[in-house]
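Values below: all heavy atoms of this structure, side chains included; hydrogens, waters and symmetry mates excluded.
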Amino acid sequence: MDILRYSASRFPAALPQHSFRTPLRRRFVAVRSSLSLPFSEQKAKYYREVEAAVDVVERACRICVDVKKSLFSSDGRILEKNDQTPVTIADFGVQALVSLEMNRLFPSIPLVAEEDSAFLRSNNLVGSVVGVVKDKATLGDEVTEDNILKAIDRGGKDACVFEPKPATYWILDPIDGTRGFVKGSEALYVVGLALVVEGQIVLGVMGCPNWHEDCSDNSIIGVQENSSSRSGIIMVSHVGCGTWTKRLSDILTVESRHTWTRCSVDSCQMVQEARFTIPESQRWKALPLSGLFDAKTDPQNIGEGSIILLSACCGSLCKYLMVASGRASVYIQGKKATSIIKVWDHAVGIICVHEAGGKVTDWEGSSLDFAADQTERRLIFPSGGVLASNGSLHSKIIGMISSNSSVL
């Protein structure tokens, strides 16, 4: 069994805004021996970190599955934030679990995440989160209401203040696609965790509990008539080691420990033959390429001057997952004047696409700057929007965007 040992001096810490007490003990924590990775420890500089990330994302996916089973039969399990985005007990539970586990293993690395505990506190729902986290945590007896609230707030907006220089921190999206989560089986949702070291994304893990690996082009997003056939997947990426997937149902099976599959972006070379995906909140006609191509959702009805537009609800990370796995050629997201773009909606997707052979930039071809939000590292400010592609099409699409943006 692998034993992890880390000292607080390995990574520079951000400046704490609130201090959370941690029991004084040696930082020795075991990770399950069945978690074999598709690359060696000698090749992966952050092997221990990615091993721990795969472990905790897998357990987070189990929380999602457990909560979803009771979602439509239990009152109070579907919540709503002030911005009208549905949030579930699973959303808070995932953030609490990841925060607890990663703080235990890597106490010097801060967490940047989506939620804070204010809603749970005001609605007296902490007990529900304790209930879903307790049997997934390494030390279940430490899962108290007080520790859960502190764990959630460790990733919240006021948890720490960063300096302008490059920093090291985790980025978590507890459930990307919460609208899809509450819709039932017809929409994908993703748990996403990435590690930024000195300003560079070095690893990422995505878990999609309801992804189906054998779907055809006509059901490209993994939606199947028989939801019981879904195995779900874990996608893992490490800088210089590629992007890999494994069935979520195989993660705990020792006999299946060598069944990782390496991911590659698709080989499409022509823009008109590419498969596009866009945010469900945006219309194709509002994007620059609409001046050149009509978008069709039926692959049997594609004519000259048309492209295939894949439907994929909900959230942005499932679109990155589609590009990295070769199911989509391009993901394009426009930047709205009335909205802001959050780091957790993109970080893990970026490294997964890059390591699969693709490319992610803003609409001018520049890399996304995760240090632009100098004190909190929660926002990014891409010029025009975000473009993720198979790499081969990237410069062509950038040119088309540049030529047609002024028309819209």
Side-chain angles (χ1 to χ4, degrees), residues 11-15 17 45-46 49 109-114 155-173 176 192-206 237-240 243 265 278-279 282 287-288 315-317 319-321 323-324 330-391 393-395 397-399 401-402 405:
F11 295 108
L15 301 176
Q17 191 80 345
K45 181 177 181 180
Y46 304 101
E49 290 84 354
I109 307 180
L111 175 69
V112 174
E114 185 173 10
K157 189 175 187 301
D158 299 321
C160 59
V161 176
F162 292 89
E163 297 177 352
K165 63 183 181 181
T168 296
Y169 51 97
W170 295 101
I171 298 177
L172 170 69
D173 195 337
D176 185 65
L193 180 64
L195 177 62
V196 177
V197 175
E198 295 299 309
Q200 300 298 315
I201 307 171
V202 299
L203 67 86
V205 179
M206 286 194 278
S237 182
H238 184 291
V239 60
T243 296
V265 294
I278 64 175
Q282 298 185 6
L287 298 172
S316 59
L317 291 185
K319 279 85 164 179
Y320 281 106
L321 200 154
V323 174
V330 180
Y331 168 45
I332 182 169
Q333 174 184 343
K335 180 182 177 182
K336 295 182 179 180
T338 57
S339 63
I340 53 180
I341 298 181
K342 308 291 182 61
V343 295
W344 47 78
D345 290 327
H346 298 273
V348 66
I350 289 172
I351 188 167
C352 287
V353 169
H354 280 173
E355 288 295 316
K359 191 171 184 178
V360 183
T361 69
D362 65 16
W363 284 10
E364 293 184 352
S366 299
S367 299
L368 303 186
D369 183 4
F370 279 77
D373 181 5
Q374 292 187 354
T375 59
E376 294 186 340
R377 300 296 199 275
R378 302 177 71 82
L379 306 177
I380 53 176
F381 308 96
S383 179
V386 177
L387 175 66
S389 80
N390 64 3
L393 300 172
H394 210 85
S395 60
I397 295 175
I398 291 291
I401 290 174
S402 177
S405 292

Intermediate values then yes/no, side-chain contact (heavy atoms from CB on, under 4.5 Å), L195 and W170: CA-CA 5 Å; L195 177 62; W170 295 101; 3.6 Å; yes
Donor-acceptor contact below 3.5 Å, side chain E355 vs main chain G240: yes
Working for side-chain contact (heavy atoms from CB on, under 4.5 Å), residues V239 and Q200: CA-CA 10 Å; V239 60; Q200 300 298 315; over 6 Å; no
Point-to-point distance, once rounded to the nearest 0.5 Å, from OG of S402 to CD1 of I397: 13.5 Å
Closest non-hydrogen atom pair between L193 and L172, with its separation: CD1-CB, 4.1 Å
From CD1 (I278) to NZ (K319), nearest 0.5 Å: 8.5 Å
Heavy-atom pair of closest approach, residues S316 and D176: N-OD2, 2.9 Å
Q282 atom CD, over 12 foreign heavy atoms within 6.0 Å: yes
Closest non-hydrogen atom pair, R378 against D373: N-OD2, 2.9 Å
Trace of the side-chain contact (heavy atoms from CB on, under 4.5 Å) decision for V202 with E49: CA-CA 10 Å; V202 299; E49 290 84 354; over 6 Å; no
Distance (rounded to the nearest 0.5 Å) between I171 CD1 and I201 CD1: 6.0 Å
Donor-acceptor contact present, side-chain T168 to main-chain E198, <3.5 Å: yes
Heavy-atom closest pair, residues Y169 and F370: OH-O, 3.5 Å
Pair D362-F381, side-chain contact (heavy atoms from CB on, under 4.5 Å): steps then yes or no: CA-CA 9 Å; D362 65 16; F381 308 96; over 6 Å; no
Atom pair OG1 (T361) and CD1 (I398), whose distance is rounded to the nearest 0.5 Å: 4.0 Å
When the side chains of residues 343-351 are checked against the rest of the protein, which donor-acceptor pairs come out under 3.5 Å, sequence neighbours left out?
from, atom 1, to, atom 2, distance (Å)
H346, ND1, Y320, OH, 2.7

Over 12 non-hydrogen atoms of neighbours within 6.0 angstrom of NZ in K335: yes
Residue of the set V323, L387, V353 for which side-chain contact (heavy atoms from CB on, under 4.5 Å) holds with Y331: V323
Shortest non-hydrogen contact from G204 toward C352: O-SG, 4.5 Å
From CG (L203) to OH (Y46), nearest 0.5 Å: 9.0 Å
Atom of V386, atom of P382 and distance for their closest heavy-atom approach: CG2-CG, 3.9 Å
